[in-house]
There are 2 protein chains.
Amino acid sequence: MPKSKASPPSAIATAGSASEQRRLQMADIARLAGVSVSTVSRALNGSELINVETRQRVAELARSLNYSINLGARNLRLQESKTVAVVVPYDAKSRQHISDPFFLSIVGSIADALTDRGYDMLLSRVDAERLDLASHWFDSGKAIGLVLIGQWRHHDQLNEMAARKLPLVVWGGEMPQQLYCSVGGDNVLGGTLATRHLLSLGRRRIAFVGDANLPEVWLRRQGYAQALREAGVAVDPALELAAPFEPGVATGIVRKFCAAQTAFDGVVCCSDVLALLTIQALRANGRSVPGDVAVIGYDDMPLAAYCDPPLTTVHQPVAQAGAELVQALLGQLRGERAEPRTMPVHLTVRASAPAAAG
Amino acid sequence: MPKSKASPPSAIATAGSASEQRRLQMADIARLAGVSVSTVSRALNGSELINVETRQRVAELARSLNYSINLGARNLRLQESKTVAVVVPYDAKSRQHISDPFFLSIVGSIADALTDRGYDMLLSRVDAERLDLASHWFDSGKAIGLVLIGQWRHHDQLNEMAARKLPLVVWGGEMPQQLYCSVGGDNVLGGTLATRHLLSLGRRRIAFVGDANLPEVWLRRQGYAQALREAGVAVDPALELAAPFEPGVATGIVRKFCAAQTAFDGVVCCSDVLALLTIQALRANGRSVPGDVAVIGYDDMPLAAYCDPPLTTVHQPVAQAGAELVQALLGQLRGERAEPRTMPVHLTVRASAPAAAG
DNA sequence: ATGAAAGCGCTAACAC
DNA sequence: GTGTTAGCGCTTTCAT
C-alpha cells in the first residue's frame, strides 16, 4: 500500500531541505492556510465562490511553496486529460529512424499549436507496419487523441482505426475512400508545379524520385504525369525511381540510377534530402546541377536555402500544419465531422532549378 | 459530477458501435469474465497468484475488447508515472524556435532510449530565459523528471533547480561549480580537434564562430585557443564572431563578417548550420571553400555528408546521448549521486576541410 | 463563503 | 486462488 497519509512536519518544509522530499499536496496548503481542501481547490481554480482575500492568500502560499496541482488526480476526477499523442512512425525493417528534417519540423509546428491551446504533447514512435498500436495512447487514457505523421503504407490500418472511432488526425494526402481525417499539402499540385517548372526550363527528360507506395508520393506522381501530358511529353517508366525517404537506404539506389545510362535533364524528388542525395550522385558522375540536370526537391526544409546549390523546392505549409492538425483533432473531439483538408503549396525557386531566362 | 457509475448495457458493446463510446474499464471486464475487479487487475498484471487459466481468459477478453488499463488511475494509485518530460528551450526574443537539426536528433535519441526502458516522453518547449518554468512538469506530477536540451545562458537557473532537488539532467557542457547533472560531448576536445586540423592544413588565420555566452561554445573556444597556443599562433579577438545558433539571426551577422576586410583562411563553426551559412557567405564574396577558406562545422548532423561541400565537422555522440541522459536521470531517481558526464568526440573529415595532402 | 463527503479507476493489504 | 475494502489527490454536490 502506498505511503501512509500521516506525514512528519518536515514534509511541508520548503523545497530542497530534505533529500527525501514528499510531494506537496492540497491538504498541506489547506492546513497551512487554515482552510479546508475544498477551499484550496476552488481558490486555485479561481472560483468566484471564494472570498477574494482568501483566494489570493491561498494562491500566494501555493506559489511560494512551489506547489502545482497533481494533474493525474485532477484528470482522473475530471475525466479529461489535455494531452495529445503525436506519433512518428519508424521503419523497423531498415532499423532507420525517421529523422527527415521535414517530419521533425512538423512535430515542432504541432508542439507550438498544442502549447498555444494549453495541451501537452506526448511524443512517441511506432513501427510503421503497426500503426494501429498507436491507439494504445488513447485506450489507456494517456491522450485524448492522436496525431500521426504520415500514412506510410498503411492507409488500411488507418481506416480501421477511424472506424473504431479513435480520435485521429493524420498528416498526409487525401485518398479515395478514406475514413480518417487527413491534413496535408496539395500533393498533386506540388508534383505539377515542380514538373511544369522543369518543362518551362526546356527540360523534357524528367525523372521522378520517390516511393509511390506512399499515398503522398503517389499523388505527387499524378501531378507529375499530368504536367507531362499537358506538355505533350510521354511518361517514361524508366525515369521513375522508387526510392524511400530514409537516406541510408536511398543513397545506394539513387547512385545506381545516376550512374546508369538513363539520360535525363531534370528531376523531381519527393523530399529535399532526396534532392541533396541526387545532386551529390549527379556531380559524382560529372554532371552539373542545374546545367546538365535541374533538380527540384520537396518540403522546403529549413536548410534548403543554405545548401549548395540552394534548392528549388515545393514549399509545404509547415507553420500552418500544426494548427490545422490540432484544430481538426479538437473539432473531432467536439463531435464535429472531420473533413480531410488539403492545403495549397507553392514552388520556391532557387538555384538548383533557376527561373527560366528572360 | 462525472458520469455516474451506472451505465447502459451498450457501454460494453464492441468498439465502433455507438458514437458516444464510454471508455471500457476493469469493472466491465470483471463483469464479463464473471470475476472480481481485483482478479482482473492481478491477471492483467501477470500476478502468479491467479490461476493460469483465469489469467489467460481475462487477458484474452481484455485484448479482444481493446481494453487498456487506465494509466492515470494506475499511476495515481501507484504513485509513479513512467513519463519523462523533455524540454527544448526556444528563443522568445527572436521568436525563433530552436529547430537546429542537432537538437532534433538529440530528441530522437532520447525518445528511443525512453521507449527502450518503457517510459513515455512528454515533449515541450520553454522560453530559454525561464528554464525554471520547466519544473512545472515535475511539480504537477506529470513527469518523474526532466531532460533539458542545452544550458543556454542560464547555468544559474539550472543550479537553482538542482538545489531544489528536481530530478534533472541537462544536455550540455560541464562547467565549474555546477550543481546539476550534465551530459554532453567533450567541447574542449571538439574545439581543439577542429582547430588542430585546420592548423595541420597550414592555416594560420583561423576564425571562431559561435556565441561564447553559451557554456558549450565557451568550452569549445577554450579548446580552440589552446590549440592555437600549442601551435604558437596568437589568438586574435578580431577573428571571433559572436553568432547565435538561430539561422535567422546568424545569417546577417555571418554575411557581414565574411564581407568585411578581416582576412582568414580557416573557420571553426559551432554548428553545422553555421558552417553552411558561412560557406554560402564566403562564396558570395568570391572566396572558395576549402581553397581560400577551410570550414569546419560542429555536430555532424545527418545531412552534413550530403551538403556541398560535404562538411568536415566535430562528430557528437548523438546515438549514445539519449541512453546516457536517460540513464543519468533514472539513476538520480534511484537516489544515486548523478555525476556530470563528458563523452569523447571525434573529427569527421570531409571536403570542406579535407585531410592534409600527403 | 466554506466544509464534509463521495467517488474518478485502479492496486494491494487483508480476509477467507 | 479470489473477493472485500481502503485509499492515491483531486473536484464538486450538498449542507451549513
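Chain letters run A, B, ... following the sequence lines, proteins first and then strands; every chain starts at 1. In what follows, every heavy atom counts, from backbone to side chain, and hydrogens, waters and symmetry copies are set aside.
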Expected list for residues 50-63 of chain A near DNA chain D, using heavy atoms below 4.0 Å, is none
Taken in chain and number order and not counting sequence neighbours, the residues that satisfy salt bridge (Lys or Arg N to Asp or Glu O under 4.0 Å) with A/R117 are none
Output, in order, the C-alpha distance, side-chain angles, deciding distance and verdict of side-chain contact (heavy atoms from CB on, under 4.5 Å) for B/R164 and B/D132.
-> CA-CA 11 Å; B/R164 224 191 286 155; B/D132 57 315; 4.3 Å; yes
Sequence neighbours excluded, the answer for side chain to side chain donor-acceptor pair (under 3.5 Å) partners of B/S36 is B/S38, B/T39
B/N45 atom CG is separated from C/dA13 atom P, nearest whole Å, by 13 Å
Salt-bridge test for A/R63 and A/E60: reply yes if a basic N is under 4.0 Å from a carboxylate O, no otherwise. yes
Check: Can you check whether B/E129's main-chain N or O pairs, donor with acceptor, with B/Q157's side chain at less than 3.5 Å?
Finding: yes
Tell me, do B/N70 and B/Q25 make a side-chain contact under 4.5 Å, heavy atoms counted? no
Under 3.5 Å, sequence neighbours excluded: what are the donor-acceptor pairs made by side chains of residues 145-153 of chain B?
unit_1, atom_1, unit_2, atom_2, d
B/Q151, OE1, B/G173, N, 3.0
B/Q151, NE2, B/G173, O, 2.6
B/Q151, NE2, B/Y180, OH, 2.9
B/W152, NE1, B/I149, O, 3.0
B/R153, NH1, B/D211, OD2, 3.1
B/R153, NH2, B/D211, OD2, 3.2

Rounded to whole Å, the NZ-P distance (B/K82 to C/dC10) equals 19 Å
Terminal axes of the helix from C/dA1-D/dT16 to C/dC16-D/dG1 (5 end pairs apiece), angle rounded to 10 degrees, sit apart by 40°
Q | Basic-acidic side-chain contact under 4.0 Å: B/R341, B/E339 | A | no
Closest to the side chain of A/V37, out of D/dT11, D/dG9, C/dC10, is D/dT11
Discussion item. Donor-acceptor pair, distance only, cut-off 3.5 Å: does the side chain of A/E336 make one with the backbone of A/L330?
Written reply: no
Taken to the nearest whole Å, CE/A/M26 to P/D/dG9 is 12 Å
Which of C/dC8, C/dC10, C/dT2 is nearest the side chain of A/L76? It is C/dC8
Might you list the N or O atoms of the protein lying below 3.5 Å from N or O atoms in nucleotides 14-16 of chain C, with each pair's distance?
none

>> Check this for me: does any side-chain nitrogen of one of B/E53 and B/R57 sit under 4.0 Å from a carboxylate oxygen of the other?
In response: yes
- Look at the side chain of B/N159 and the backbone N and O of B/L179, then say whether any donor-acceptor pair between them is shorter than 3.5 Å. yes
Here the distance between atom C1' of C/dG9 and atom CZ of A/R74, to the nearest Å, is 18 Å
Phosphate OP1/OP2 of D/dC10 contacted by A/S41 side-chain N/O (<4.0 Å): no
Rounded to whole Å, the CZ-P distance (A/R31 to D/dC10) equals 13 Å
| task | In sequence, state the C-alpha distance, the side-chain angles, and the governing distance for B/D120 and A/K142, and then conclude on side-chain contact (heavy atoms from CB on, under 4.5 Å). | result | CA-CA 10 Å; B/D120 299 333; A/K142 267 227 145 179; 3.2 Å; yes
Notebook entry, point to check: Does A/S38 get its side chain close enough to the base of C/dA4, under 3.5 Å, for a donor-acceptor pair?
Noted result: yes
Which of D/dC10, D/dG9, C/dA12 is nearest the side chain of A/Y67? It is D/dC10
Check: Any N or O donor-acceptor pair linking the side chain of B/S36 to the base of D/dT4 at under 3.5 Å?
Finding: no
Taken to the nearest whole Å, CG/A/L49 to P/D/dC14 is 14 Å
note: A/L24, atom CG; D/dC10, atom P; distance rounded to Å ~ 9 Å
Using a heavy-atom cut-off of 4.0 Å across all strands, would you classify A/L71 as base, sugar-phosphate, or nothing?
nothing
note: B/R77, atom CZ; C/dT11, atom P; distance rounded to Å ~ 9 Å
> Is any side-chain nitrogen or oxygen of B/Q79 closer than 4.0 Å to OP1 or OP2 of D/dG9?
Replying inline: yes
